[in-house]
There are 2 protein chains.
Amino acid sequence: MATMTAEQRRSAAKAAHEEYMATCPTHQLLDIMSAKWASLILIELAGGTRRFADIGRALPSASAKMLTQTLRSLERDGFLTRSVTPAVPVQVEYTLTPMGASLIPLLAAAKDWADANIGAIHSARARYDADNA
Amino acid sequence: MATMTAEQRRSAAKAAHEEYMATCPTHQLLDIMSAKWASLILIELAGGTRRFADIGRALPSASAKMLTQTLRSLERDGFLTRSVTPAVPVQVEYTLTPMGASLIPLLAAAKDWADANIGAIHSARARYDADNA
DNA sequence: CCGCATCCTTGATGATACTG
DNA sequence: CAGTATCATCAAGGATGCGG
């Protein structure tokens, strides 16, 4: 069989697309930012260096485990730095890197759009739900 | 006991923060956009009206189920409209609403940032993994 | 062609308890 | 203070089959 079946073509297209998805910069960024606490942490750090407990107080609904996990992930990707001060008790401080800081305007733009359109979204949602009651 | 215990204060703060999270426009937008296929669909529709099967071909790695689910969700929130042409077989077309279209520049900004910084992210990741080997 | 229903797997999140 | 470890939960996503 020198030619591919329709099935094979679909399969190849799917594999190629998955490959693309895995490397697409935009999609990778979306993945990073869509972590439940990532954007909140970046916004908190936009106000300056913070200690672990400070972040915990700013985000009371996040468990310590999730804070650690998200902070580690953001550190790994170069959005922030973690510095430990050997004292008793230890002090750990988190600070945005220049790259992390450069993302703040994007978050601000998202906030502006959200503030401007959230009303319309809620209206659309209510209308949709009413029409499909 | 006229005053709250430390435990009660923490609990209250947590409840208040969860309330805030549920109403924060920015966070709601992040929720919508972080649906695995939402941004890809919006980008595809930015090129004009598309039929269901067209979108499926553009995103081969998405199952039909997820396409339907994501499209419904975006329709409900007013990002796009769905119109059915009663024929045999039926034709279903999806088009961005003005609000949906207004989100495209934001996605473009995210893409620009991602393209500019994805290299740095990968470097940071490699360095982090090497340091913690 | 389009989409719903069902079953199932898996990763993300949370609660709790313990350590340097 | 700043985690780590473990267990439990739950919703998102994927596979498959049927129906208008």
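The structure displayed is predicted, hence computed values, not measured ones. Heavy-atom basis, side chains included; hydrogens, waters and symmetry copies ignored. Protein chains get the first letters and strands the later ones, always in sequence-line order, with residue 1 at the start of each.
Note on B:R51: a side-chain N or O is less than 4.0 Å away from OP1 or OP2 of C:dC2. For the OP1/OP2 pair of C:dC2 and a distance below 4.0 Å, the side-chain nitrogens and oxygens of B:Y94 include no atom meeting the criterion.
Remark: C1' of C:dG20 and CD of A:Q91 are 16 Å apart, rounded to the nearest angstrom. Note: CD1 (B:I55) to P (C:dC1) measures 15 Å, nearest angstrom. Nucleotide C:dC8 holds its C1' atom 15 Å from the CE atom of B:M66, rounded to whole Å. To the nearest angstrom, C1' of C:dG11 lies 14 Å from NZ of A:K36. Put simply, CG on B:L71 is 11 Å from C1' on C:dG3, counting in whole angstrom units. A:L59 has its CG atom 16 Å from the C1' atom of C:dG14, to the nearest Å.
Using a 4.0 Å heavy-atom criterion, one finds that A:K65 contacts the bases of the nucleic acid, with or without backbone contacts as well. Within the nucleic acid shown, A:V92 comes within 4.0 Å of sugar-phosphate atoms alone, with no base atom in reach, counting heavy atoms only.
Of the two residues near DNA chain C, A:A62 and A:V90, the one whose nearest nucleotide lies more 5' is A:A62.
The aromatic rings of A:F52 and A:Y94 are tilted relative to each other, their planes meeting at an angle between 30° and 60°.
Remark: side-chain polar atoms of B:S73 are not paired, donor with acceptor, to backbone N or O of B:Q69 under 3.5 angstrom. Judged by distance alone, with hydrogens and angles left aside, the side-chain atoms of A:T23 form a donor-acceptor pair with the main-chain N or O of A:Y20 at under 3.5 Å. The closest donor-acceptor contact from the side chain of A:S34 to the backbone of A:D31 lies under 3.5 Å.
In 5' to 3' order, the nucleotides of DNA chain D bounding all contacts with chain B (an atom under 4.0 Å from a heavy atom) are D:dG13 to D:dG20.
Linking Ile, Leu, Val, Met, Phe, Trp and Tyr residues whenever their side-chain heavy atoms come within less than 4.5 Å places B:W113 and A:L74 in a single cluster. Clustering ILVMFWY residues whenever any of their side-chain heavy atoms sit less than 4.5 angstrom apart, transitively, puts A:M33 in a cluster other than the one holding A:M21.
Residues B:K111 and B:D115 are paired through a salt bridge, judged by an N-O separation under 4.0 Å between the basic side chain and the carboxylate.
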